[in-house]
Amino acid sequence: MDSIHIFGGERLCGQTNIQGSKNAALPILAATLLVPGISVIENCPDIADVASMIKLLQSVGCLVMREEHTVIVDASCIKENRLPAEHVTKMRSSIMLMGAMLGRTKEIVIDYPGGCVIGERPIDMHLEALAHMGILFEKEEHKLRAHADRIKGTVLSLPFASVGATENVILAAVLAEGDTILYNAAKEPEIIALCEFLKSAGAKIMGIGTDTLHIIGVCRLHEGYCVVPSDRIVAGTYMFACAGCGGNIELDNVRTDQLHAVYDCLTQVGAVIEYSDNTIFMKMQERPKPVPYVRTAVYPGFPTDLQSPFMTVLAVADGTSVIEEAIFENRFRIVKELVAMGADIQAKGQYAYICGKVCLYGRHVVAEELRGGAALVLAGLIAQGVTVVGNRKFIDRGYEDICQDLKNLGARISVR
Ligand code: UD1
């Protein structure tokens with residue numbers, strides 16, 4: 001049951017609902033550690049990374065209950081500050097537990113985090129920022145011990161608007177002594193969701209949604225509550241599926257205000273998009289047009305997490321397109337699989353040159369990471385014949401049920 005079988009070459013037509021956001025749910029779950037009581041998180045996606053994060057919370061002493069898409073965390077009693085390697089090395093977001101555990105207990109012992117193989121992914125910015133707040137680091141074989149007697153608010157500027165480093169600073173600053181001002185903070189919607197959750201529990205955060213955050217340390221948080229916003233990357237994935245296959249789809253439960261850079265690219269390839277409240281209607285009647293140049297960027301720019309799905313669409317565009325991947329240095333891993341399916345793509349450094357072909361051909365391909373894996377599923381939908389995408393486990397890290405969602409949109413797809 002670790003592969004996805006797709007009968008491709010058909011137009012999409014149908015409606016599906018978009019799940020809660022992985023990248024919002026994970027830091028919010030980490031943040032429950034700062035609450036010495038109950039946190040209720042609704043619309044939490046049922047994905048492998050959330051399951052790993054729940055195991056990590058349990059490993060330090062939290063009681064966690066899950067009822068469908070509601071997760072209730074009781075972090076009244078934290079008994080342990082050493083995290084089990086097994087779950088830490090599976091996903092990069094485990095690094096969020098550093099800021100949260102330090103905020104709560106002033107100590108954590110953690111392995112270097114894992115995650116998708118999309119580049120070096122160092123954590124230097126996280127460590128430098130936390131060091132400014134009075135945190136000390138010591139290496140223990142393969143692990144890192146971080147501790148502090150006092151965590152002090154400070155004035156910081158990130159050299160790059162890293163999502164994870166911004167989240168870690170917020171988590172460490174909420175219960176710190178004094179004020180923290182963070183310049184060049186990331187502005188991704190998932191950071192807004194984290195701040196809103198923390199505010200619900202009594203944190204004092206100003207400048208939310210801007211690149212300057214002002215956090216006034218408080219002594220204690222109380223119960224926290226949030227509804228995880230819908231996943232803009234999952235919504236974008238399904239829109240690119242429709243762009244590649246053609247058709248007519250409706251996506252519900254979408255944060256339609258978070259996708260402007262994606263609408264822009266989809267419009268350039270020839271899609272017609274309408275949205276109102278939480279619903280997107282998309283029509284694609286023709287072969288995709290090429291896009292002369294697109295560059296991934298921090299929010300509100302075009303998201304790196306949708307670069308591979310977009311590349312798959314451009315592989316069948318009527319002309320040549322160029323993508324610059326400006327966030328991660330190793331995010332063209334699907335090129336060889338797309339080429340095996342008949343695409344003409346050359347990756348040189350941070351650039352991919354895509355000469356669109358009339359069609360792709362079904363093949364047995366293997367996912368190596370989350371978003372690239374989803375892009376291979378899209379390639380299978382677009383291709384003539386049968387495609388088998390192996391290593392489904394990578395896709396399950398972020399998509400609750402990609403097969404059912406795409407079936408709802410009319411695809412012929414199944415898990416085997
Ligand atoms: C988060 C998202 C991921 C998304 C990415 C960029 C989660 C769980 N993951 O990842 O889906 O693709 O934002 O939008 O929210 N960097 C350093 N040093 C550091 C930290 C980062 O050099 O200490 C570099 C990274 O290697 C990368 C770039 O900065 O090249 C962006 O990373 P960052 O914004 O931190 O992404 P993540 O938080 O890992």
Side-chain angles (χ1 to χ4, degrees), residues 20-31 44-45 47-50 52-53 56 87-88 90-100 112-132 137 144 146 156-172 182 184-195 211 228-229 231-234 236-237 258 261-262 295-310 324-333 349-350 369-375 394-395 397-399:
S21 159
K22 162 176 126 18
N23 288 355
L26 294 173
I28 290 170
L29 283 168
C44 191
I47 51 176
D49 274 15
V50 162
S52 294
M53 185 57 92
L56 285 164
H87 296 292
V88 170
K90 265 191 205 158
M91 61 167 186
R92 181 163 168 92
S93 315
S94 52
I95 191 69
M96 294 297 100
L97 292 165
M98 184 175 273
Y112 282 91
C116 284
V117 284
I118 55 178
E120 282 271 313
R121 306 192 85 174
I123 53 167
D124 54 319
M125 280 188 245
H126 299 240
L127 303 188
E128 269 169 42
L130 293 173
H132 264 282
F137 296 96
L144 190 63
L156 287 165
S157 179
L158 292 176
F160 171 81
S162 153
V163 173
T166 300
E167 291 168 343
N168 249 333
V169 170
I170 295 168
L171 290 166
L182 179 63
N184 200 27
K187 295 183 289 192
E188 268 62 7
E190 295 74 26
I191 289 173
I192 300 177
L194 170 65
C195 291
D211 60 6
V228 175
D231 196 311
R232 63 193 170 102
I233 304 302
V234 172
T237 304
Q258 298 176 350
V262 176
R295 181 179 195 266
T296 59
V298 297
Y299 188 81
F302 184 77
T304 172
D305 287 349
L306 287 172
Q307 181 259 107
S308 298
F310 193 28
E324 180 184 356
E325 172 52 67
I327 306 291
F328 289 107
E329 72 280 8
N330 192 12
R331 214 164 197 186
F332 291 142
R333 293 173 80 98
Q350 299 305 102
E369 42 97 5
L370 165 59
R371 305 299 172 190
F394 287 115
I395 301 169
R397 287 190 46 212
Y399 294 80

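Just so you know, ligand 1 is whichever comes first in the structure, and atom 1 is the first atom listed for that ligand. For the numbers below, each heavy atom of this structure counts, side chains included, while hydrogens, waters and symmetry mates do not. Here the structure is a predicted model, which is why all the values come from computation and not from measurement.
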*In plain terms, say whether Arg331 and Asp305 are close enough for a salt bridge, that is, a side-chain N and a carboxylate O under 4.0 Å apart.*
yes
*Heavy atoms only: which of Glu325, Glu167, Met125 is nearest to atom 17 (C) of ligand 1?*
Met125
_Atoms in ligand 1 flagged as close to Arg92, the criterion being non-hydrogen separation under 4.0 Å_ = 20 (C), 21 (C), 39 (O)
*Are the side chains of Asn23 and Arg232 in touch, meaning some heavy atoms are under 4.5 Å apart?*
no
*Tell me which one of Gly164, Pro122, Ala165 gets a heavy atom nearest to atom 20 (C) of ligand 1.*
Pro122
*Does the side chain of Glu325 come under 3.5 Å of the side chain of Thr296 through a donor N or O and an acceptor N or O?*
yes
_If the cut-off is 4.0 Å to any non-hydrogen atom of Phe160, which atoms of ligand 1 fall inside it?_
28 (C), 29 (O), 31 (C)
*asked:* When you measure from the side chain of Asn168 to the backbone of Gly99, do you find a donor-acceptor pair of N or O atoms at a distance under 3.5 Å?
replied: yes
*Mind listing the closest non-hydrogen atom pair of Ala100 and Leu171 along with its distance?*
N-CB, 3.8 Å
*asked:* Can you check which of Val163, Asn168, Ile95 brings a heavy atom nearest to atom 13 (O) of ligand 1?
replied: Val163
*Which atoms from ligand 1 have a heavy atom of Ile327 less than 4.0 Å away?*
27 (C), 28 (C), 30 (O), 31 (C)
*Relative to the heavy atoms of Asp305, which atoms of ligand 1 are at a distance of less than 4.0 Å?*
3 (C), 4 (C), 11 (O), 12 (O)
_Show the atoms of ligand 1 that are less than 4.0 angstrom away from any heavy atom in Ser93._
8 (C)
*Interfacing atoms of ligand 1 (cut-off 4.0 Å, heavy-atom, Arg331)*: 12 (O)
*Does the side chain of Ser162 reach to within under 4.5 Å of the side chain of Glu167, using non-hydrogen atoms?*
no
*For Tyr399 and Arg371, does a side-chain donor sit closer than 3.5 Å to a side-chain acceptor?*
yes
